[in-house]
Each structure stands twice: as structure tokens, then as C-alpha cells.
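What follows is a single structure, written as C-alpha cells, with notes after it.
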Amino acid sequence: PVQILAYLGGVVKVEETDLKPRMGFLYPIVTHNISVFINATREQDSGQYMCTVNVVDDTIRLDKNVGIINLTVLVPPATPTCQLHGSAVVGANVTLSCSSKKGKPSPMYQWQRESPSLQVFFPPAQDRARGTLKLTNLSLEMSGVYICRAENQAGSKNCSIVLEV
């Protein structure tokens, strides 16, 4: 463990870490609430944080004076990339793929075809975890704009591809 913030003998001490300019005590120490804040959170701020309270002349018991919290910083998906795999000719099969380089937790993907022929897809044609959509036995009517949405708890982003059969 690395100490990042302390209150000792009436003095607040912030250690030299990348958190230094972004963190501090939420309330004045005299309120006895030693909550901390972290501004401009980053993915690398994720981890386990431990709060230790030691009172002068008090018996230190590890199970009584330590609080632990796990912090997971969620990251919205980056704008995904949409690609067409295969040859878009009548009667052929193609796969549309969608992939986002960022996202915590890993994004799930949802394909849909845009209006005027709005269509939503389900397994087994669509694999939400991999971001693929398999279109079989292509027909001229399957031409159109296909949109992929990469989504997690932190947000969502779209990409689109034009399929011309």
C-alpha cells in the first residue's frame, strides 16, 4: 500500500502521487468525517483504497480501525469501427463487425438497420459480445444503412456502414 493522504498532528499531508492535485478531504477534519474526493477520475485510479484511523493513546486493533473500499472507474466505449467482411452480392453471406478499442467494462454491441426498413437483430445472427452480425442469402432488399451501438454502464457510441447488395 502507498499512503496518498494523511492528517497528522493537525496537518494535512498529500503525498507526491499522480492523485495529489486531484484529491483531498471532503470536509474539514474537525467534523470527524474523513471522506475523501478524487476529481477528474482516470481508469488507473481504480483499485483498493484503505482508510486507517489511529487515535493517540488508543489501542490499535487492525479489525477496528481500518476501512477498505474498492473503486472501479468505468470508461465509456470509444467510437467503434464498423467493417464489412465478405462480398455483398445476391445470394452470398456477409458478416458486419463492430469493435471499440476502449471501454470498462467491455462494451456490448447492438446492430440495427436504419429506417425506412428499421430492423433489430437477435442471436444467432447477432453476437452482442463480439459485435458481429451475420447476414445470409443476401437480397437487394437487404441493402441499407446498418448501425452498431457499443454500450456499457458508462455510455455508448455508434458507427454505421452502408450495405449495397
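Heavy atoms only: backbone and side chains are in, while hydrogens, waters and symmetry mates are out. By convention here, the first residue in the shown sequence is residue 1.
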If you measure SG to SG, does Cys159 sit under 2.5 Å from Cys98? no
Using the rule that two of Ile, Leu, Val, Met, Phe, Trp, Tyr join whenever any of their side-chain heavy atoms come within less than 4.5 Å, decide whether Val145 and Ile161 are in one cluster. no
Cluster overlap Val36 with Tyr27, hydrophobic side-chain contacts below 4.5 Å: no
Please state whether the rings of Phe121 and Tyr146 are parallel, tilted or perpendicular, taking 30° and 60° as the class boundaries. parallel
Considering all heavy atoms of both residues, which atom of Cys82 and which atom of Trp111 are nearest to each other, and what is their separation? SG-CH2, 3.8 Å
Apply side chain to side chain contact (heavy atoms under 4.5 Å, CB included) to the pair Val90 and Leu140, showing each step before the final yes or no. CA-CA 7 Å; Val90 172; Leu140 294 174; 4.0 Å; yes
Do the side chains of Tyr7 and Val14 join up, straight or via other hydrophobic residues, at under 4.5 Å, putting them in one cluster? yes
Heavy-atom nearest pair, Ala78 first then Lys157, reads O-CB, 3.9 Å
All heavy atoms of Arg113 vs all of Glu141, minimum pair found to be NH2-O, 2.5 Å
Are Phe37 and Leu71 connected in a single hydrophobic cluster, I mean Ile/Leu/Val/Met/Phe/Trp/Tyr linked by side-chain heavy atoms less than 4.5 Å apart? no
Among Val2, Ile4, Asn39, the one residue meeting side-chain contact (heavy atoms from CB on, under 4.5 Å) with Leu19: Ile4
In terms of heavy-atom contacts, does CD of Gln48 have more than 12 from other residues, nucleotides or ligands at under 6.0 Å? yes
Backbone of Ser106 reached by a side-chain donor or acceptor of Asn152 within 3.5 Å: no
In the single-linkage hydrophobic clustering (I, L, V, M, F, W, Y; side-chain heavy atoms under 4.5 Å), do Met23 and Ile29 co-cluster? yes
Using a strict cut-off of less than 4.0 Å between a Lys/Arg side-chain nitrogen and an Asp/Glu carboxylate oxygen, indicate whether Lys134 and Asp127 qualify as a salt bridge. no
Apply side chain to side chain contact (heavy atoms under 4.5 Å, CB included) to the pair Leu135 and Asn93, showing each step before the final yes or no. CA-CA 6 Å; Leu135 301 174; Asn93 300 336; over 6 Å; no
Applying side chain to side chain donor-acceptor pair (under 3.5 Å), run through Glu15 and Thr17 and close with a yes or a no. CA-CA 6 Å; Glu15 299 297 329; Thr17 67; over 6 Å; no
